[in-house]
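Have a look at the structure below before the remarks.
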Amino acid sequence: MKESIATFGNGFLLACAAGAVLAVPVLRMLTALKSKQTVSEFAPETHQVKQGTPTMGGILCVLALVLSLLVVGEGPTPSWVGLWVLGFALVGFADDFVVPRLMPGKRGLGWKQKFGAQALLALLALPVLGWEWSAANAALAVLVVLFFCNAYNFSDGLDGLSGSLGVVLALGLGAIAALAGASGWVALCGALAGCLVPFLFLNAPPAKVFMGDVGSLPIGAAFGIAVCGLLLPHGAFEWEGWAVPGVALLSFVMIAELVPVPLQVLSVKLTGRRLFLMTPIHHAFEKRGWPETRVVFAFVLVQLVVAVAGVAISARLCP
């Protein structure tokens, strides 16, 4: 356990330090590129003041994450994960910057192109994880990676929300990885927590920069591949059953962020009625009159509670 704590700490500190050094240069670069947030017409009215705030701040997180994994990661898997997440960052960059520049009037990639690119990259998780190529393994990798990738992407909607949730999620997942003795995934979780701290400093309300898809997609994908590696170290049908309840609890807020979105779309298409005031679900609380800071506090508090509960259950069930 001491070795796991040291591994987590090394990954955290290196990613945090790298992010701190890169923070100001990245912010200046984004300002020079005029990478500005375009607030959706469907967002709450209070979000219109965010129009024009620099976006793509997630570049800071990705660079710090990859650097930490290349230096601290034990064994080949963390290093390959660092390179693998860059693919998701490129998809996010196309969505945040390339498409809006080349096609004025479009906010980014269409959902088919975005999901298609994510699914192809998710398939590449199989060799990174050391899984055999099979239909079951491919389906599981795509399902888990795309779930976390898009759930975390949806959480990037309020000042300080995605970063705070990510830090707590990484701490909880890192603790479960330490119980499993999976040093590579411990290093990844440490780097994930560390890379988000400098970004949180810039994203604290009122946000000076937003994460954008260039950051939320790769960070979400990193959480997804970590979950795959912990629960299914050898592929489909070889579950680490003791870790499933804890990871499921830990993922509660991500489930709450993702699941209402397709349900809302389906309901509107089939019945013309909304199931929720607004999706992603954090916006529904804003619609009910909650201040943005209260919504963020409540969501992070829930994430902290389920993280502690998930780690406690895992510690009790760990063989």
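The figures here come from the full heavy-atom set of this structure, side chains too, leaving out hydrogens, waters and symmetry mates.
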I'd like to check F299 versus V295 (side-chain heavy atoms, cut-off strictly below 4.5 Å). Are they in contact? yes
Closest non-hydrogen atom pair, G212 against D96: C-OD2, 3.4 Å
Which heavy atom of T31 sits nearest a heavy atom of P54, and at what distance? OG1-CG, 4.3 Å
How far does CG of L22 sit from CG of L63, to the nearest 0.5 angstrom? 6.0 Å
Would you mind reporting whether M254 and L165 have side-chain heavy atoms less than 4.5 Å apart? yes
Closest non-hydrogen atom pair, W131 against G235: NE1-N, 3.3 Å
Can a donor-acceptor pair be found between the side chains of N153 and S216 at a distance below 3.5 Å? yes
Rounded at 0.5 Å granularity, tell me how far CG in L121 sits from SG in C149. 8.5 Å
Does a side-chain heavy-atom distance below 4.5 Å link L250 with L169? yes
dist I313:CD1 -> L317:CG (nearest 0.5 Å) comes out at 7.0 Å
F12 CZ to T7 OG1 distance, which is reported to the nearest 0.5 Å: 15.0 Å
Decide yes or no on side chain to side chain contact (heavy atoms under 4.5 Å, CB included) for T53 and V209, but give the supporting numbers first. CA-CA 6 Å; T53 303; V209 67; 5.5 Å; no
Minimal non-hydrogen separation, A64 against A15, with atom names: CB-O, 3.3 Å
Give the intermediate values and the outcome of side chain to side chain contact (heavy atoms under 4.5 Å, CB included) for residues L171 and C189. CA-CA 7 Å; L171 289 169; C189 292; over 6 Å; no
Using side-chain contact (heavy atoms from CB on, under 4.5 Å) as the criterion, point out the one residue from N203, L60, V167, V168 that pairs with L196. V167
Would you say L143 and L232 are hydrophobically clustered, going by side-chain heavy atoms of ILVMFWY under 4.5 Å? no
Counting the benzene-type ring for Trp, do F148 and Y152 have ring centres under 6.0 Å apart? no
Donor-acceptor pair, E240 side chain versus P233 backbone, under 3.5 Å? no
Side-chain contact test, heavy atoms from C-beta onward, threshold under 4.5 Å: evaluate it for V214 versus F97 and give yes or no. no
Between I255 and I219, is there a shared hydrophobic cluster once you connect ILVMFWY residues whose side-chain heavy atoms come closer than 4.5 Å? yes
Got V268 and R274 here, is their nearest side-chain heavy-atom distance under 4.5 Å? yes
Between the side chain of T279 and the main-chain N/O of I281, is any donor-acceptor distance below 3.5 Å? no
pair W84-W80: side-chain heavy atoms closer than 4.5 Å: no
Closest approach of A117 to V91 (non-hydrogen atoms, all atoms of both residues): CB-CG2, 3.8 Å
Please determine whether residues F297 and V306 belong to a single hydrophobic cluster, defined as Ile, Leu, Val, Met, Phe, Trp and Tyr linked transitively by side-chain heavy-atom distances below 4.5 Å. no
Surrounding CZ of F276 (heavy atoms of other residues, nucleotides or ligands, distance under 6.0 Å), is the total greater than 12? yes
Do the side chains of L266 and F147 join up, straight or via other hydrophobic residues, at under 4.5 Å, putting them in one cluster? no
Rounded distance [0.5 Å steps], CG in L30 versus CD1 in I59: 5.5 Å
How far apart are the C-alpha atoms of L67 and L70, what are their side-chain angles, what is the distance that settles it, and do they pass the side chain to side chain contact (heavy atoms under 4.5 Å, CB included) test? CA-CA 5 Å; L67 177 62; L70 291 176; 5.6 Å; no
Pair W185, I225 - check side chain to side chain contact (heavy atoms under 4.5 Å, CB included), show working. CA-CA 9 Å; W185 302 120; I225 199 171; 4.1 Å; yes
With a 4.5 Å cut-off on side-chain heavy-atom distances among I, L, V, M, F, W and Y, is there a chain of contacts connecting V261 to W111? no
Quick check on E132: does its CD atom have over 12 non-hydrogen neighbours (other residues, nucleotides or ligands) under 6.0 Å away? no
Kindly indicate whether a cation-pi arrangement holds for R294 with W290, taking the cut-offs as under 6.0 Å to the six-membered ring centre and within 45° of the axis. yes
Working to the nearest 0.5 Å, report the span between OG1 of T293 and CG of L161. 12.0 Å
Could you check if a side-chain atom of D159 sits within less than 4.5 angstrom of a side-chain atom of V296, using non-hydrogen atoms only? no
Answer yes or no: is there a side-chain heavy-atom contact under 4.5 Å between E257 and N150? no
Where is the tightest heavy-atom contact between L140 and A236, given as atom of each residue plus distance? CD1-CB, 3.6 Å
Check whether any side-chain N or O of D95 sits under 3.5 Å from a backbone N or O of D213 as a donor-acceptor pair, and report yes or no. no
